[in-house]
> 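Structure incoming, see below.
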Amino acid sequence: MPLTFHWFLPTNGDSRHVVGGGHGTPATAFGRDRPPTVGYLSQIARAAEDLGFIGALTPTGAWCEDAWLTTAMVSRHTERLKFLVAFRPGFVSPTLAAQMASTFQRQSGGRLLLNVVTGGESHEQRAYGDFLDKDARYRRTGEFLDVVRGLWRGETVDLRGEHLRVEDAKLTRLPDPVPEVYFGGSSPVAGEIAARHADVYLTWGEPPAAVAEKVARIKALAAEEGRRIRFGIRLHVITRDTAEQAWGEARRLLDGFDAQTVRAVQAGLARSESEGQRRMLALHGGSRDDLEIHPNLWAGIGLVRGGAGTALVGSHDEIVERIAEYHRVGIEEFVLSGYPHLEEAYWFGEGVLPRLRAQGVWSHPLHPAESPRTGAGEPFTGAGASR
């Protein structure tokens, strides 16, 4: 399968330094360097669109702007880019969410993708009035998606579930196309829900061997449900003309992490109930030492940021090699970001994407004549990229 790339809209603010936040921790002061105005976010979205990214992830949580409202406004300033809207199913009824998605599809020209976020932090969930524990939240998510999927098929849905109840639910206008559902989670119950409902299973950027184990597990669960799902990975990226330049930028970012902020963020993230967050924390253990946990995979971002905490760091050719390595273990979609998001979109879009196009594994969506190989030919190894 050809590779797909998405970018990120920093609705908690942007900076030349790492902006913290997520998983119950507040955004850091650096988020005020470039406030998340519609104007600035539209700049990033237009850059991603021009460079050839398919979509842009927009996060959810108390630490950032609302994803639905923000993307609805930014969509008016773009033409093709899709919006991977993160939302928490416990905060809105499934019927209303299905209706919102249907409306978004019609008004945007079919540019909605949905990132279903169950929510791993009970203390943050309670602030929104949600008092279920983690496993119960996942079971509710399963019921939620049962209702939404049925409504999108045009069915009249009645459900008396453990957590949700609807009667005679029906949409008067169906979404066209039906939004694809992106879903992540490392716990056993998360895997069960993903196998039943996900179109794309997302993992954070662990080393390729750990990602391979996760892909194999979720793929087997999906097969038991008679389904095939795609796999994506969420990473930051620092790519430059040379490896020395890229690692110099990583060191500059690391120098901006004061010890007090690192301790405070790590203490907050230690409360997380998320298995994925626990795995992210284990990659660095709160230490600044030995942060390159796999060739070109740097765990430094996770010292001050919740959620995705690793970055691909290296020359453009090295980044191509790492993308090939993840592709070999089953990853087809890459959701990327970098600080600041406007400039880093250009570094990746002008440095890495042309090399992938030269190898025949990616093409710009506005130039279909340069379509990637999907069958015959040499396998994608990352070697031999144009320099």
Side-chain angles (χ1 to χ4, degrees), residues 2-16 18-19 31 33-60 64-65 67-86 104-105 108-115 179-180 182 200 202 205 232-240 249 301 307-308 311-312 316 319-320 323 331-357 361-368 370 372:
L3 300 177
T4 298
F5 293 92
H6 307 272
W7 198 239
F8 186 84
L9 293 182
T11 56
N12 57 328
D14 202 6
S15 176
R16 294 183 181 275
V18 175
V19 179
D33 292 353
R34 297 185 187 180
T37 63
V38 171
Y40 178 63
L41 296 175
S42 296
Q43 272 189 282
I44 298 172
R46 287 194 299 269
E49 184 172 71
D50 291 343
L51 291 164
F53 291 92
I54 290 295
L57 172 65
T58 308
T60 183
C64 58
E65 299 285 3
W68 286 100
L69 293 173
T70 301
T71 55
M73 288 184 276
V74 172
S75 70
R76 309 311 297 169
H77 300 277
T78 55
E79 298 177 358
R80 173 194 55 80
L81 191 73
K82 296 182 180 181
F83 295 93
L84 181 50
V85 174
F104 199 116
Q105 287 297 68
S108 69
R111 294 193 283 147
L112 175 67
L113 305 169
L114 287 178
N115 179 28
E180 289 194 307
Y182 289 65
V200 179
L202 283 177
I233 192 167
R234 172 77 180 94
L235 287 158
H236 305 276
V237 64
I238 304 172
T239 182
R240 295 294 187 271
E249 179 65 12
I301 302 291
L312 295 177
H316 304 315
I319 300 303
V320 167
I323 288 171
I331 298 298
E332 302 173 26
E333 303 200 15
F334 293 78
V335 184
L336 305 173
S337 57
Y339 299 97
H341 288 76
L342 181 60
E343 288 91 326
E344 289 297 335
Y346 281 103
W347 275 112
F348 186 87
E350 295 177 344
V352 176
L353 290 182
R355 287 164 163 77
L356 296 171
R357 180 168 54 196
V361 295
W362 176 83
S363 67
H364 195 294
L366 295 182
H367 306 290
E370 301 174 353

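Here, residue 1 is the first one in the sequence, and each next residue gets the next number.
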> Set out, in order, the CA-CA distance, both residues' side-chain angles and the distance that settles side chain to side chain contact (heavy atoms under 4.5 Å, CB included) for Tyr182 and Glu333, then state yes or no.
CA-CA 11 Å; Tyr182 289 65; Glu333 303 200 15; 2.8 Å; yes

> Please determine whether a side-chain nitrogen of the Lys or Arg among Glu344 and Arg16 lies less than 4.0 Å from a carboxylate oxygen of the Asp or Glu.
no

> Where the side chain of Arg80 meets the backbone of Glu49, is there a donor-acceptor pair that is under 3.5 Å apart?
yes

> If I compare all heavy atoms of Ala345 with all of Leu51, which pair ends up nearest, and what's the gap?
O-CD1, 3.1 Å

> Between CG of Leu84 and CD1 of Ile54, what distance do you get to the nearest 0.5 Å?
12.5 Å

> Closest heavy-atom contact between Ala47 and Leu342?
CB-CD1, 3.9 Å

> Can you tell me how far CZ of Arg34 sits from CG of Leu41, rounded to the nearest 0.5 angstrom?
11.5 Å

> Is it the case that Arg234 and Ser337 place a side-chain donor and acceptor less than 3.5 Å from each other?
yes

> Should Asn115 and Val85 be marked as a side chain to side chain contact (heavy atoms under 4.5 Å, CB included) after you check the CA-CA gap, both sets of side-chain angles, and the distance that decides it?
CA-CA 6 Å; Asn115 179 28; Val85 174; over 6 Å; no

> Might you point out which heavy atoms bring Ala45 and Val74 nearest each other, and give the distance in Å?
CB-CG1, 3.7 Å

> Which distance, rounded to the nearest 0.5 Å, do you find between the NE2 of His236 and the NE2 of His341?
7.0 Å

> Between CG of Leu81 and CG of Leu9, what distance do you get to the nearest 0.5 Å?
7.5 Å

> For residues Gly13 and Val19, report the shortest heavy-atom separation together with the two atoms involved.
O-CG2, 3.8 Å

> Within the 4.5 Å heavy-atom criterion, are Asn12 and Pro10 side-chain neighbours or not?
yes

> Identify the two heavy atoms, one from Trp362 and one from Gly52, that lie closest to each other, and give their separation to 0.1 Å.
CZ2-O, 3.7 Å

> Under the side chain to side chain contact (heavy atoms under 4.5 Å, CB included) rule, what do Phe104 and Thr71 come out as? Steps first, then yes or no, please.
CA-CA 10 Å; Phe104 199 116; Thr71 55; 3.5 Å; yes

> Is there a side-chain contact between Phe348 and Ile319, using heavy atoms and a 4.5 Å cut-off?
yes

> How long is the straight-line distance from CG of Leu57 back to CZ of Phe83, given to the nearest 0.5 Å?
12.0 Å

> Where do Leu112 and Glu180 land on the side chain to side chain contact (heavy atoms under 4.5 Å, CB included) test, with the steps shown first?
CA-CA 8 Å; Leu112 175 67; Glu180 289 194 307; over 6 Å; no

> Could you tell me if Arg111 and Thr78 have a donor-acceptor pair between their side chains, going purely by distance under 3.5 Å?
yes

> What I want to check is whether the side chains of Asp14 and Tyr339 have a donor and an acceptor closer together than 3.5 Å.
no

> Sub-3.5 Å donor-acceptor pair from the side chain of Arg76 to the main-chain atoms of Ala72, do we have one?
no

> I'd like to check Leu312 versus Thr239 (side-chain heavy atoms, cut-off strictly below 4.5 Å). Are they in contact?
no

> Over all heavy atoms of both residues, which pair between Pro354 and Gly349 is shortest? Give the atoms and the distance, please.
CD-O, 3.3 Å

> Angle between ring planes, Trp7 versus Phe53, binned at 30° and 60°: parallel, tilted or perpendicular?
tilted

> Could you tell me the separation between the NZ atom of Lys82 and the OG1 atom of Thr4, rounded to the nearest 0.5 Å?
9.0 Å

> Given side chains that start at C-beta, do those of Thr70 and Val38 come closer than 4.5 Å, heavy atoms only?
no

> Run through Ile233, Leu202, Val200 and flag the one making a side-chain contact (heavy atoms from CB on, under 4.5 Å) with Val335.
Leu202

> Quick test of your reading of the model: are Arg357 and Glu350 salt-bridged, counting only N-O distances below 4.0 Å?
no

